[in-house]
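Taking it in order: structure first as structure tokens, then the write-up.
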Amino acid sequence: MEEQKFKLHSLLSLHTPDEKVKFVRRILLILIFISTLALVNSFLFLNSRFVYEFIAVSCVFTYFYYFTSRDTTPIVVIMMVWVAAIFASYVAWTLNGINSTVILLYPCLIVFSVLLCGWVSTVYIALYLIITLYCFVLADMFGLGSEYDASTESPWGKVNNILIILILSLLGMLMIARLFKQAITRLSDESLRSEQLEALAKEKFEYDSLTKLPNINRAEIEFSDFRKKVDSVHNLAIITVDINNFKLFNSTLGREVGDRVILSLAERLVTLIGDAKLYRSTGSEFLILKFAEEYSRIEELAEQISRTLESPILIEDYEVEPRSSLGIAVSPDDGLKFIDLRRKSQTALIEARQQKGGYCFFDTQIEKKINQKLNLIKDIKQGLRNDEFLLYYQPIIDLSTGKAIAAEALIRWIKKDGTQIFPDQFIPQAEASGLINELGEWIINQACTDAKHWTEQGFENICVAVNLSPVQFRKGNLQRVIAEALSYTGLPAKLLYLEITESLFVEDIEFAQAQINSLVGMGCEFAIDDFGAGYSNLNYLHLFNASKLKIDRSFVGPIVESVRNQHIVKAIVEMSHGLGLTNIAEGVEDEETAKFLNSTGCILGQGYYWSRPVPFNEFLNFLDKNINQNA
């Protein structure tokens, strides 16, 4: 492109070498044809004058035609124009000198010279033609011409007029060529910019801006070339690598630190993988294409990657410890298309994440399990639309009086066909997919509605307890959801208490604490569920503004036979009294356990001893019987 911009000497500069050869040969064919016509004209009308000359010119042009090639095109063009100029001047001299009509060819010769030979050759040709014109006049004046025309017009005036015509032709061609060159230059500049933009767009499309590694688009393009090398001996593995905890330190330490972590990980991978090909996919995800004869080689590389990536990274004052997971799909066993292999490697990556890191090869069972989860998520959405969910209630009893003072709302899912899906099957998937927000909002609204209803039935001061998921806190709209539910149903906030699991609030404590304090300010109470089964961090009791503490059923169930559990429960009860918390024992299944808990000072109990979780109407019947029994 630069060569066209600064070295545009002729029209031929616009053509490729092969196009130049074709173009020149086409002109030569035209000249040969014209020479042949002139030869015929000489036989018919000029008494065979110039027959030999026309034959000679035709032969010369024919020789030029076969002599023209990529290397000889420039010299052929110049020689062709000079032959035409010399032959035209010869014919003009022979016929009538300055009065010959052949002189009309001179401007045409200059035009062709500019277009085909460039300005350097045109200057010499123009000088030659001008000199011949003056030679014609001098020859006629001294009687050397063929036939001098003794007209009244001065021969010098005639030659000057012709010269003026030639100069005008030359200037006109100069202006046209200049405009033409400017147009070509602009086109050249635009083409250059277009190529630069195309190259930039290609770079952005195929390369990662941070690491400068090829990206997933480039991987897909190159995969087809790699795939051709796969045979009965070699396998092509697609290894998807991801950092499980990248979002955590990227959000807490800042994006700049996160970018430096990605660069450090990329450098480690480039050094480690050898002849394999590395790509950056998205976020903290990388893709590796690896040829191997045996699966053991792929497995060995996966182990090396896991060990290398999980080494601490020191960035400024921070020491980051990545936790990696790898998903592997291998061609041809797992497929032949890039899109299928990548999907399967990501499927294996999901399984590796669930195993808390390491690597996992794809197999159909993993895919089947993930498809089941996806179908379950789809069914949850459908179940919400079809009102397939309902709440069961399990009473919470005052151990000293036997009276029901609250009930825990427990969700149940019964499909239209009668199939029952248990909470431990669908709640984890609802949390993983984010559907727990929609499901949790329904639970809160329904629980408040039912609690308001039994209050209106005369069962006053019976609280309802609702379990909350950490995912509901992360969304940040929990306070609005609960406030709207209380306002819509008219249930007093004091009759709603919310259960949270302390072991699940290790991250984003401040964000959760702010929401809890707002809800407590509205009049709601909080209970720490499953206490003792998680971190049992006493500081959480203060941070979460809890007023109730539920003792995990794993301690309560075997309490009669286990002296160790008896001591644990007594310690928890005493601690809760000291902190001013109401304690609730879960999993009470017999009278002996209930009596022992009461003797320890435990205030409330919940379990099958009093009632299993039951539908709303059955719970109302339970309340009615409970009141009559304890009247």
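- Between the Asn626 side chain and the Gly402 main chain, a donor and an acceptor come within less than 3.5 Å of each other.
- One N or O on the side chain of Gln394 and one on the backbone of Ser611 form a donor-acceptor pair closer than 3.5 Å.
- Taking OG1 from Thr240 and CG from Leu341, the interatomic distance works out to 10.0 Å, rounded to the nearest 0.5 Å.
- For the pair Leu498/Leu478, no side-chain contact is recorded, criterion being any heavy-atom separation below 4.5 Å from C-beta on.
- Minimum heavy-atom separation, Lys570 to Thr600: CG-CG2, 3.8 Å.
- Looking only at side-chain heavy atoms (C-beta outward), Tyr497 and Ile396 come within less than 4.5 Å of each other.
- Side chain to side chain, Glu299 and Tyr359 meet the donor-acceptor criterion of an N or O pair below 3.5 Å.
- The neighbour count for Arg255 CZ, taken as heavy atoms of other residues, nucleotides or ligands under 6.0 Å away, does not exceed 12.
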Notebook entry, point to check: What do the steps show when you test Leu486 against Cys448 for side-chain contact (heavy atoms from CB on, under 4.5 Å), and what is the final call?
Noted result: CA-CA 7 Å; Leu486 293 174; Cys448 290; 4.0 Å; yes

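- Trp454 places a side-chain N or O within donor-acceptor distance of the main-chain N or O of Ile462, the cut-off being under 3.5 Å.
- Side chain of Ser487 to main chain of Ala483: no donor-acceptor pair is present (N/O by atom type, distance under 3.5 Å, no hydrogens or angles).
- Taking all atoms of both residues into account, the shortest heavy-atom contact from Ala348 to Phe362 is CB-N, 3.7 Å.
- Side-chain N or O atoms of Gln566 include one that pairs as donor or acceptor with a backbone N or O of Ile559 at under 3.5 Å.
- Using a 4.0 Å cut-off between charged nitrogen and carboxylate oxygen, Arg480 and Glu484 count as a salt-bridge pair.
- By the 6.0 Å contact criterion, CD on Glu592 is open, its count of non-hydrogen atoms from other residues, nucleotides or ligands being 12 or less.
- Formation of a donor-acceptor pair under 3.5 Å by the Asn386 side chain with backbone atoms of Glu388 is not found in this model.
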Next item on the list: Test side-chain contact (heavy atoms from CB on, under 4.5 Å) on Asp398 and Leu604 and set out the steps.
Entry: CA-CA 5 Å; Asp398 186 325; Leu604 304 175; 4.2 Å; yes

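- The structure places OG of Ser281 at 12.0 Å from CD1 of Ile288, a figure rounded to the nearest 0.5 Å.
- A salt bridge links Glu408 with Lys550: the closest approach of a Lys/Arg side-chain nitrogen to an acidic carboxylate oxygen falls below 4.0 angstrom.
- Other residues, nucleotides and ligands contribute only 12 or fewer heavy atoms inside 6.0 Å of the NZ atom of Lys368.
- Side-chain atoms of Gln346 and Arg343 form no donor-acceptor pair, as typed in the model, at a separation below 3.5 Å.
- Annotation for Ile436 and Ser469: closest pair CG1-CB, 3.8 Å, computed over non-hydrogen atoms.
- The shortest distance between side-chain heavy atoms of Gln479 and Gln515 does not fall below 4.5 Å.
- Applying the 6.0 Å contact sphere to CD of Glu438 captures no more than 12 heavy atoms from other residues, nucleotides or ligands.
- In the displayed structure, Leu314 atom CG is contacted under 6.0 Å by more than 12 heavy atoms of other residues, nucleotides or ligands.
- The line from CD of Glu441 to CD1 of Ile482 is 10.5 Å long, rounded to the nearest 0.5 Å.
- Here the side chain of Asn215 pairs a donor or acceptor atom with the backbone of Arg218 at under 3.5 angstrom.
- Looking only at side-chain heavy atoms (C-beta outward), Leu265 and Pro322 come within less than 4.5 Å of each other.
- The minimum heavy-atom distance linking Asp529 with Asn467 is given by the pair OD2-OD1, 3.4 Å.
- Residues His577 and Val573 meet the side-chain proximity criterion, which asks for heavy atoms closer than 4.5 Å.
- Among Asp624, Val614, Asp450, the one residue that satisfies the side chain to side chain contact (heavy atoms under 4.5 Å, CB included) test with Phe619 is Val614.
- Residue Gln425 qualifies as enclosed at atom CD: its count of foreign heavy atoms under 6.0 Å is above 12.
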Next item on the list: Please step through side-chain contact (heavy atoms from CB on, under 4.5 Å) for the pair Ile216 and Tyr279, ending with a clear verdict.
Entry: CA-CA 6 Å; Ile216 200 68; Tyr279 308 85; 5.6 Å; no

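- The two atoms that bring Leu349 and Ser325 nearest to each other are CD1-O, 3.2 Å, heavy atoms only.
- No side-chain heavy atom of Leu391 sits under 4.5 Å from any side-chain heavy atom of Phe616.
- With hydrogens and angles ignored, the 3.5 Å screen pairs a side-chain donor or acceptor of Asn565 with a backbone N or O of Phe555.
- Remark: the backbone N or O of Arg260 is not paired with any side-chain donor or acceptor of Ser264 at under 3.5 angstrom.
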Note to self: Go through it in stages, so that I can follow the logic: the residues are Val320 and Asn245, the test is side-chain contact (heavy atoms from CB on, under 4.5 Å), and I'd like the CA-CA distance, side-chain angles, deciding distance and then a yes or no.
What the structure shows: CA-CA 10 Å; Val320 177; Asn245 56 345; 5.9 Å; no

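- At most 12 non-hydrogen atoms from other residues, nucleotides or ligands lie less than 6.0 angstrom from NZ of Lys625.
- In terms of heavy atoms, Arg342 sits closest to Ile238 at N-CD1, 4.2 Å.
- Going from atom OG of Ser284 over to atom CG of Asn244 covers 8.0 Å, rounded to the nearest 0.5 Å.
- The distance from atom CD1 of Ile421 to atom CD1 of Ile411, rounded to the nearest 0.5 Å, is 12.5 Å.
- The main-chain N or O of Ile239 is never found under 3.5 Å from a side-chain atom of Lys290 such that the two would form a donor-acceptor pair.
- At least one side-chain heavy atom of Lys381 sits under 4.5 Å from a side-chain heavy atom of Leu435.
- In this structure the side chain of Arg268 reaches within 4.5 angstrom of the side chain of Ser311, judged on heavy atoms.
- The ring of Phe361 has its center closer than 6.0 angstrom to the ring center of Tyr295.
- Remark: Ile273 CD1 to Thr308 OG1 distance equals 11.5 Å, nearest 0.5 Å.
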